[in-house]
Every structure is written in C-alpha cells, then in structure tokens.
Amino acid sequence: FDYAGKMEFDIGYTRRDLMQIKAAKNDLVVYIITGENEKDIVKQFRKIIGRSYIPPFWAFGYGQSRWGYKTEQDIREVAKRYQAAGIPLDSIYLDIDYMERYKDFTVDTERFPNLKALAEDMKQQGIHLVPIIDAGVKIEKDYDVYEEGVQNNYFCKNAEGGDFVGAVWPGRVHFPDFLQPDARKWFGKKYAVLTEQGIDGFWNDMNEPASFRGPLPDDVVFPGDDMPRQHKEVHNVFGHLMAKATYEGIKKNSGKRPFVITRACYSGTQKYSTAWTGDNQSIWAHLKLSIPQLLNLGMSGMPFVGTDIGGFGSNTNPELLSRWIQASCFAPLFRNHCAKFSRCQEPWQFDKQTLDIYRTYVRLRYRFIPYLYDLFYEESRTGMPIIRPLVMHYQRDPEVRECNDEYLVGDRILVAPVTDQGVHVKAVYLPQGTWIDYWTKERISGGKYILRDAPIDVCPIYIKGDSIIPAWPQLDHIPDGGSEELILEYYPASADSSKYVHYQDNGADFAYEAGEYNLYRFRADKDGELSVSMEHEGYEHHYETLRVEVY
Ligand code: GLC
C-alpha cells in the first residue's frame with residue numbers, strides 16, 4: 001500500500017479472519033505482488049521501491065551512544081574505557097547536548113570547545129562521531145537556519161498561512177517542508193557545518209515529525225513543489241524526505257558514502273539511510289520483540305536496521321544486557337543507546353562477567369564483518385535482507401513458519417538467542433541439513449529441535465555444513481579499506497568441495513558503482529586445497545594474506 005497519509009491497519013483484531021486496511025483518501029496505490037515464495041516476493045518488492053547502497057565500512061562496526069554525554073571529556077572517556085576494555089568501537093554518537101541550546105547545526109563551544117580537533121583525535125583512534133540532528137528548527141531571531149527558512153518559505157504552514165509552530169527540545173520550533181526540493185537542498189547543505197569539522201555520519205531524529213504538543217494537526221500545510229498538501233496526506237514520508245535531504249547533502253559535500261540513521265522511514269528510505277526501532281525499554285519483552293521487528297523491516301525493504309542495545313528507557317541489568325548484545329551481534333546496525341534518566345549501560349558499568357561476555361560478542365561481530373559486507377553487496381543488487389527469518393530459506397518446513405526467536409544471517413549462519421530472563425537452555429530448531437555448533441564444533445543433523453545449554457555467556461550459533469565464511473582477524477576498529485588479511489572458515493560436511501564468492505572494495509566512496517571492486521571466487525576441497533579465481537577485478541588493492549581454517 002503506497003500511501004503517505006493516514007492509514008488504519010486492523011489485522012485480525014476485530015475479526016480474526018479479516019485484514020482491514022483503511023486509507024483516509026481514496027488515492028492510495030495498491031500493488032499486488034504474486035510470487036513463488038518469500039524470497040521472490042521480497043525481490044519483486046525491492047524492484048518497486050528501488051535499490052540500496054553499500055554503507056561505508058565503518059558503519060558495520062559497533063557504536064556507543066547515550067543521551068547524557070554532555071562534554072568533550074565524556075566522549076574521550078568513552079573511547080578510553082573501550083580501549084582499556086579491549087572492546088572494538090567504531091563510532092560514538094553525540095546526542096542533543098553537543099548543540100548550543102538544541103539548535104540544529106550549532107555546537108556548544110563551552111562543552112565542545114574544538115569539535116574539529118575532537119573528531120580528528122577520535123578518527124586517529126578509529127572512531128567516527130555521529131551527531132544528532134532534530135527535525136524541528138528553533139525559532140530564534142538571528143539564528144541562520146531559522147531566518148533562512150522563514151525568508152524562503154521553507155517551513156510548514158498552519159491553516160492560516162503562518163509558519164506552523166511545534167515544540168521539541170529547543171522549545172518552539174518550525175518544521176522544514178521536506179517536500180520542497182529547494183528546502184531539501186538547503187537543509188542538506190547545512191550539514192556542511194559539521195562535515196567540514198570531520199564528521200561523516202548523522203543521526204536524524206524526531207522526524208515523524210514529533211512535537212511535544214502532540215501530533216501535528218491534520219491541516220498543517222506542506223507547500224511542496226507542485227501543489228500544497230496537508231499533513232494528514234504526507235505524514236508518512238516526512239522522515240524519508242529528511243533522510244533524502246541528509247544523504248544528498250553529505251554526498252555532495254564529501255563524495256563519500258553517507259552514513260545516516262533515521263527514526264522515521266518509509267518504503268524507499270533504504271536508498272538514503274539506516275533506521276533504528278526508536279525508544280524501546282530495557283525489558284525482556286522488547287528484547288524478544290527486536291527479532292521479528294528487525295526481520296520484518298529487512299523483508300520490507302529496510303535491510304540496515306538495529307535496536308537500542310540494552311534498551312533505551314528504564315534500567316538495564318547485567319543479564320538483560322548480556323542477552324541483548326548476543327541477540328544483536330549480527331544486527332546490521334549495532335549500537336548501544338540509552339536515555340538520560342536510565343542507568344548508564346556501557347558494558348564496563350557492570351561486573352567482570354558482563355564485560356567479558358560483551359567483549360566476546362562484539363569481537364565475534366567484527367570477525368564476521370566481511371560476511372556481512374558480502375551480504376550487503378548481495379542486498380544492494382537483489383534486495384535479499386542481511387538477517388532473515390528461517391522461512392525465507394526453508395519455506396516448505398511448517399516448523400519455521402512462526403519461528404520468531406531464531407534468525408539466519410545470509411543462509412549460512414543460524415542464531416538462536418536466549419531472550420527470556422533466567423533461562424539457561426534453548427530449544428533450537430535446526431532445519432534440514434548438517435549444522436555445526438559454532439562454539440563446540442559438534443555436528444548435528446537438522447530437521448528437529450535440540451536442547452542447547454545456554455548459560456549466560458552462550459548464544460547458540462550454528463554454521464550450515466559445507467559453508468565457507470569469510471572472516472577477519474581480531475581488530476579493534478575497522479581499518480580504512482578493510483583488513484589486510486582474509487580468513488576463510490570452511491566447514492566441510494557432505495560435499496567434496498564448497499564455493500563462495502567474496503566482494504571487496506574501498507568501503508568509502510562510490511567508485512564501486514563504476515566497477516572498482518573485486519569479486520573473488522573461492523573453492524575449497526575437503527583435502528584442504530583452496531583455489532581462487534577472480535570473477536571481477538576492478539579494485540587495485542588485494543589482500544596480503546589469505547588463511548583457510550578448516551573445521
Ligand atoms: C528521542 C530519540 C532518542 C534520543 C532522545 C534525545 O527520544 O528517540 O534516541 O536519545 O530523543 O535526543
């Protein structure tokens with residue numbers, strides 16, 4: 001259903017056997033996709049909504065965030081603590097307190113006296129800063145963003161024709177009319193204030209748009225480019241168009257692959273941004289929910305998604321945080337974030353066991369980044385999500401139809417996280433075929449449930465027999481251009497040999513679109529022979545070392 005306005009979904013709520021979808025106006029576009037199976041439908045859907053792009057390498061790393069980091073010192077401290085803990089880190093997010101009184105595209109120079117130097121220092125340590133930008137622009141005389149917006153009629157209007165006033169962190173605000181191409185260009189250019197200081201990732205927030213005065217009235221007017229529209233007709237695309245403005249602005253300013261994270265999105269936002277699932281709570285129900293949420297988003301064309309690890313609101317605890325990092329270690333977007341009024345939830349705030357568990361799973365994530373990157377290459381061409389419900393690959397198996405507590409990473413890794421408090425054993429369903437327990441290397445034939453011991457430090461993970469999986473050696477950060485060494489984990493089972501196609505590019509800009517990438521075809525034999533051929537050779541850099549580990 002392609003409709004940017006108000007809709008109502010009643011899925012088996014009023015009547016169990018009925019799905020009712022209502023749109024406020026009758027100009028919604030309905031696509032009916034018929035397909036052979038889930039994969040086919042997802043691929044066809046992607047053809048309608050358009051392609052995605054391969055995010056920059058560093059975006060695959062781990063990020064730490066907290067609404068409450070107030071000063072440059074806080075940020076330096078986070079970097080230091082991660083380094084001391086031996087936990088890889090590639091980004092630190094700057095929530096609203098870095099701004100001068102919550103004004104977009106400003107920096108509080110008392111608390112951040114030299115953002116440029118900070119960004120540089122952090123980059124030296126392999127860390128990217130990702131500041132937040134809110135949708136609402138503070139109403140304040142002589143504030144350039146406000147003045148320019150008013151002068152050029154870039155803001156949404158109230159029914160009387162004046163600029164509409166909402167309320168967000170800075171107090172009274174106007175909202176840009178992102179339906180206007182000129183307003184998008186203008187807002188997109190503003191990010192230069194920060195890209196010029198060495199920032200290359202942004203976090204767009206409150207862009208539903210959200211106002212503390214409640215939902216925007218239906219009759220708020222978006223003047224747009226061709227004809228004015230009312231809020232009730234275009235609400236759903238506000239965040240999407242803000243992401244587009246950001247993406248295009250950064251791309252123009254830097255030429256690099258943008259990293260944008262947005263709270264609101266629509267079908268098509270995968271072309272511009274990642275998304276996170278908004279303000280969850282530090283409760284077990286939200287950890288459990290995160291799996292179907294991310295899988296559904298992936299199948300719905302948003303592959304690069306994640307949840308606030310540990311939970312945003314209320315207080316997390318060692319057990320919940322440990323299970324959350326395990327469940328999320330293959331989530332495409334990998335960020336710990338929490339609210340100002342919640343207990344601090346960086347891993348070192350807890351006991352040694354929690355820190356050790358955290359380290360293990362963040363390192364595991366980094367080990368498999370080349371695999372995730374390959375999946376993104378596939379995703380950008382076919383629309384196949386990175387993490388997938390089992391039903392996408394085993395659609396004839398009735399056991400997996402309603403499986404919401406396991407997922408596949410590509411088609412070779414199966415993750416079965418524990419998402420219940422106090423539980424130390426997991427009933428894992430393994431589909432047909434041979435599966436290898438990642439931790440014990442035990443071989444199990446599938447098509448059945450197994451009970452796997454899952455003490456607090458174990459997230460059950462299985463590798464599909466006969467897989468080759470690319471991996472990196474242990475790294476503290478994602479190096480520019482990726483690792484010099486590539487490891488191939490090979491898990492022979494029943495076949496005499498296995499094949500794998502691996503993608504490599506510079507991880508930074510769009511040169512890959514002009515063919516600057518390599519595709520390696522690996523073939524491993526049971527006797528340990530590895531052969532490599534180049535399916536495409538367009539990127540001058542090659543690995544220095546290839547190492548095969550046979551399990
Ligand atoms: C919103 C965001 C949250 C952020 C907070 C303060 O609630 O969803 O992630 O920390 O605003 O900016």
Side-chain angles (χ1 to χ4, degrees), residues 59 62-71 74-75 78 91-108 111-112 129-138 145 166-173 175 191 194 199 201-216 235 238-240 242-243 246 259-266 269 273-283 286-287 289-290 293-294 297 302 304-316 321 324 328 331 333-346 349:
Y62 170 71
Q64 178 64 57
S65 183
R66 175 174 171 80
W67 175 17
Y69 296 151
K70 272 198 159 352
T71 62
D74 291 343
I75 303 302
V78 171
S91 51
I92 302 178
Y93 288 71
L94 305 180
D95 209 322
I96 47 175
D97 293 306
Y98 81 89
M99 294 185 232
E100 188 210 318
R101 287 176 297 123
Y102 310 134
K103 280 152 58 185
D104 282 343
F105 311 116
T106 67
V107 177
D108 183 316
R111 284 183 275 126
F112 288 84
L129 298 180
V130 183
I132 198 166
I133 295 291
D134 282 312
V137 172
K138 185 172 175 63
V145 188
V168 198
W169 311 114
R172 295 166 72 246
V173 298
F175 293 106
Y191 288 82
L194 293 154
I199 304 286
F202 290 94
W203 171 17
N204 284 351
D205 192 25
M206 307 298 274
N207 55 357
E208 288 75 19
S211 167
F212 299 154
R213 296 179 176 172
L216 265 59
H235 174 89
F238 186 92
H240 168 81
M242 182 181 180
T246 312
F259 174 71
V260 185
I261 156 170
T262 179
R263 195 169 75 174
C265 61
Y266 190 69
T269 309
S273 179
T274 68
W276 93 105
T277 55
D279 297 352
N280 57 2
Q281 300 286 309
S282 300
I283 56 174
H286 282 185
L287 168 59
L289 183 65
S290 71
Q293 268 184 314
L294 299 183
L297 278 161
M302 274 307 283
F304 200 169
V305 284
T307 62
D308 284 348
I309 293 171
F312 175 77
S314 70
N315 294 325
T316 200
L321 184 66
W324 214 308
S328 313
L333 180 70
F334 191 43
R335 175 182 86 143
N336 174 327
H337 177 52
C338 72
K340 200 175 186 169
F341 309 104
S342 306
R343 166 184 195 174
C344 292
Q345 67 183 30
E346 299 88 357
Q349 306 284 357

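Numbering of ligands and ligand atoms starts at 1, following listing order. Every value quoted in this text rests on a predicted model; they were computed, and no experiment measured them. Only heavy atoms go into these numbers, but all of them, side chains included; no hydrogens, no water, no symmetry mates.
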Report all N/O contacts between ligand 1 and the protein shorter than 3.5 Å as a table of atom names and distances to 0.1 Å; if there are none, say 'none'.
| unit_1 | atom_1 | unit_2 | atom_2 | d |
| --- | --- | --- | --- | --- |
| ligand 1 | 7 (O) | D279 | OD2 | 2.6 |
| ligand 1 | 8 (O) | R263 | NH1 | 2.9 |
| ligand 1 | 8 (O) | D279 | OD1 | 2.5 |
| ligand 1 | 8 (O) | D279 | OD2 | 3.4 |
| ligand 1 | 9 (O) | H337 | NE2 | 3.0 |
| ligand 1 | 10 (O) | D95 | OD2 | 2.6 |
| ligand 1 | 10 (O) | H337 | NE2 | 2.9 |
| ligand 1 | 11 (O) | D205 | OD2 | 3.1 |
| ligand 1 | 12 (O) | D95 | OD1 | 2.6 |

With [X], which residues qualify under salt bridge (Lys or Arg N to Asp or Glu O under 4.0 Å), at least two apart?
X	result
D308	R335
D108	R111
K103	E100, E140

- Sub-3.5 Å donor-acceptor pair from the side chain of T274 to the main-chain atoms of V260, do we have one? yes
- Message: Run the salt bridge (charged side-chain N to carboxylate O under 4.0 Å, His left out) test on R66 and E346 for me, step by step, so that the C-alpha distance in whole Å, both residues' side-chain angles and the decisive distance to 0.1 Å come before the verdict.
- Response: CA-CA 9 Å; R66 175 174 171 80; E346 299 88 357; 5.1 Å; no
- Item | Flag if over 12 foreign heavy atoms under 6.0 Å of CZ, R101 | yes
